[in-house]
> 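Below is the structure I would like to discuss, written out as structure tokens.
This structure is a prediction, so every number in the text was calculated from the model and none was measured.
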Amino acid sequence: YSGLPFRRRRELHLRIGTALVPRHGEPDVARLGLLALHFDGSGDHLLAWKYNRMAAGRARDSYATVEATAFFERAIANARSSGGAVPADELCTALEEFADVAVLAGRYDLARDGLRGARRLAGDDAMVMARLCRKEGHVRRMQSEYRTAVSWFRRSLRMLDVAEQRGVDAAEIAAERARAMLGT
């Protein structure tokens with residue numbers, strides 16, 4: 001393998017990945033990891049995004065947070081390399097999910113990177129920004145950065161005020177406000 005030209009390696013990864021895609025239904029857990037690996041090596045960023053994200057979700061649901069973090073990292077890298085083919089809202093969601101599993105894995109540095117990237121893509125959605133700021137506050141609290149955590153929780157509350165002015169559902173705002181005030 002190491003003696004093959006990169007172009008040939010990519011072709012082989014694409015052919016193997018294509019052969020592994022099930023004809024009907026979703027791939028099983030074992031096959032998902034292989035699909036993610038082969039499409040990642042193939043240079044097909046959209047398929048690599050798709051299967052790495054699916055593998056990340058399955059790993060997260062199985063409480064394999066370290067593996068989920070790695071799959072999310074590869075999915076995000078492929079989305080960014082896709083030349084804008086992945087919609088911003090999908091990438092924003094993936095970055096937030098990445099941050100969530102990174103927290104569970106104890107990788108607060110990665111969680112902060114994911115949250116920062118998600119905030120850049122969230123646009124003017126006040127509820128999403130409030131949730132992301134609250135999560136940033138939680139990460140900072142976990143890192144014993146209490147003053148910084150409080151400022152992030154306050155930002156979350158300010159964004160909820162904006163959401164309220166924009167007519168977002170009051171129950172949704174109340175639930176998020178409670179989470180921000182509790183610092184969770």
> Any side-chain heavy atom of Glu67 within less than 4.5 Å of one from Val101?
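Side-chain contact under 4.5 Å: no.
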
> Return the SG to CD distance between Cys92 and Glu97, rounded to the nearest 0.5 Å.
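Rounded to the nearest 0.5 Å, the SG-CD separation comes out at 10.0 Å.
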
> Quick one: are Tyr51 and Asp44 in side-chain contact, heavy atoms under 4.5 Å?
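A side-chain contact is absent here, since even the closest heavy-atom pair is not under 4.5 Å.
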
> So does Asp113 pair up with Arg116, basic N to acidic O under 4.0 Å?
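Yes, charged N to carboxylate O under 4.0 Å.
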
> Apply side-chain contact (heavy atoms from CB on, under 4.5 Å) to Ser2 and Arg9, showing your working.
CA-CA 9 Å; Ser2 61; Arg9 289 183 198 182; 4.2 Å; yes

> Taking all non-hydrogen atoms of both residues into account, name the closest pair between Val162 and Ala126 and its distance.
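Smallest heavy-atom distance, with atoms named: CG1-CB, 3.9 Å.
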
> Side-chain contact test, heavy atoms from C-beta onward, threshold under 4.5 Å: evaluate it for Lys50 versus Leu35 and give yes or no.
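No, their side chains stay 4.5 Å or more apart.
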
> Pick from Arg179, Glu96, Met159, Glu136: which one makes a side-chain contact (heavy atoms from CB on, under 4.5 Å) with Arg131?
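Testing Arg131 for a side-chain contact (heavy atoms from CB on, under 4.5 Å) against Arg179, Glu96, Met159, Glu136 leaves exactly one candidate, Glu96.
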
> Go through Val139 and Trp152 one step at a time and tell me if the side-chain contact (heavy atoms from CB on, under 4.5 Å) criterion holds.
CA-CA 10 Å; Val139 170; Trp152 280 104; over 6 Å; no

> If two hydrophobic side chains count as joined below 4.5 Å and joins carry through other members, does Leu47 share a cluster with Val86?
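Unlinked, Leu47 and Val86 end up in two clusters.
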
> With the 4.5 Å side-chain cut-off for hydrophobic clustering, are Met181 and Leu132 part of the same group?
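Shared cluster, no.
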
> Nearest 0.5 Å, please: how far is CG in Asp100 from CG in Leu104?
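It comes to 7.0 Å.
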
> Report yes or no: do Met142 and Val150 belong to one cluster of Ile/Leu/Val/Met/Phe/Trp/Tyr joined by side chain heavy-atom distances under 4.5 Å?
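Cluster IDs for Met142 and Val150 differ.
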
> Could you go step by step and tell me if Leu20 and Phe39 meet the side-chain contact (heavy atoms from CB on, under 4.5 Å) rule?
CA-CA 10 Å; Leu20 289 172; Phe39 285 123; over 6 Å; no

> Looking only at heavy atoms, which two atoms of Ala102 and Ala111 are closest? And how far apart?
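Closest approach of Ala102 to Ala111, heavy atoms only: CB-N, 3.6 Å.
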
> Which atoms form the tightest heavy-atom contact between Pro27 and Arg58, and what is the distance?
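Between these two residues, the closest heavy atoms are O-NH1, 2.9 Å.
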
> Are Arg10 and His13 linked by a side-chain donor-acceptor pair shorter than 3.5 Å?
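Arg10 vs His13: no donor-acceptor pair found between side chains.
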
> If you take all heavy atoms of Leu12 and Leu4, which pair is closest and at what distance?
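Smallest heavy-atom distance, with atoms named: CD1-CD1, 3.7 Å.
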
> Decide yes or no on salt bridge (charged side-chain N to carboxylate O under 4.0 Å, His left out) for Arg15 and Glu11, but give the supporting numbers first.
CA-CA 6 Å; Arg15 289 175 65 188; Glu11 290 171 1; over 6 Å; no

> Any carboxylate oxygen within less than 4.0 angstrom of a Lys/Arg side-chain nitrogen, looking at Arg177 and Asp161?
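Asp161 and Arg177: salt-bridged.
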
> Measure from the side-chain N and O atoms of Asp40 to the backbone N and O of Ala36, and report whether any donor-acceptor pair falls under 3.5 Å.
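Not a single qualifying donor-acceptor pair exists.
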
> With hydrophobic residues grouped by side-chain heavy-atom distances under 4.5 Å, do Leu37 and Val66 end up in a single group?
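Different hydrophobic clusters.
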
> Measuring only between side-chain heavy atoms, which start at C-beta, is Glu73 closer than 4.5 Å to Leu110?
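A side-chain contact exists here, since the closest heavy-atom pair is under 4.5 Å.
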
> If every non-hydrogen atom of Leu46 is compared with every non-hydrogen atom of Ala85, which pair is closest and at what distance?
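Taking Leu46 first and Ala85 second, the nearest heavy atoms are CD2-CB, 3.6 Å.
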
> Taking the side chain as C-beta and beyond, is there a heavy-atom pair between Arg155 and Met129 under 4.5 Å?
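They are not in side-chain contact.
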
> Check whether any side-chain heavy atom of Thr69 lies under 4.5 Å from a side-chain heavy atom of Arg60, and answer yes or no.
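Of all side-chain heavy-atom pairs linking Arg60 with Thr69, none is under 4.5 Å.
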
> Is it true that, when you exclude Arg166 itself, more than 12 heavy atoms of the residues, nucleotides or ligands shown sit nearer than 6.0 Å to its CZ?
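Buried by this count: over 12 neighbours within 6.0 Å.
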
> Could you tell me the separation between the CH2 atom of Trp49 and the CZ atom of Arg80, rounded to the nearest 0.5 Å?
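Output value for this atom pair is 10.0 Å.
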
> Locate the shortest heavy-atom distance separating Ala163 from Met127; write the atom from each residue and the value.
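So the two residues come closest at CB-SD, 3.7 Å.
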
> Does any non-hydrogen side-chain atom of Arg134 lie less than 4.5 Å from one of Phe153?
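Contact flag for Phe153/Arg134 side chains = yes.
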
> Could you go through the side-chain contact (heavy atoms from CB on, under 4.5 Å) check for Val103 and Tyr108 one step at a time?
CA-CA 6 Å; Val103 167; Tyr108 302 124; 4.2 Å; yes

> Using a 4.5 Å cut-off on heavy atoms from C-beta on, say whether the side chain of Phe71 contacts that of Arg53.
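No. Closest side-chain heavy atoms not under 4.5 Å.
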
> To the nearest 0.5 Å, tell me how far Ser151 OG sits from Arg158 CZ.
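Nearest 0.5 Å value for the OG-CZ distance: 8.0 Å.
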
> Let me check something: do Leu34 and Leu14 share a hydrophobic cluster, defined by ILVMFWY side-chain heavy atoms less than 4.5 Å apart, either directly or through other members?
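Per the 4.5 Å side-chain linkage, Leu34 and Leu14 are co-clustered.
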
> Just verifying a value: how many Å separate Ile76 CD1 and Leu91 CG, rounded to the nearest 0.5 Å?
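CG of Leu91 is found 6.5 Å from CD1 of Ile76.
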
> How far does OG1 of Thr148 sit from CZ of Arg141, to the nearest 0.5 angstrom?
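Those atoms lie 13.5 Å apart.
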
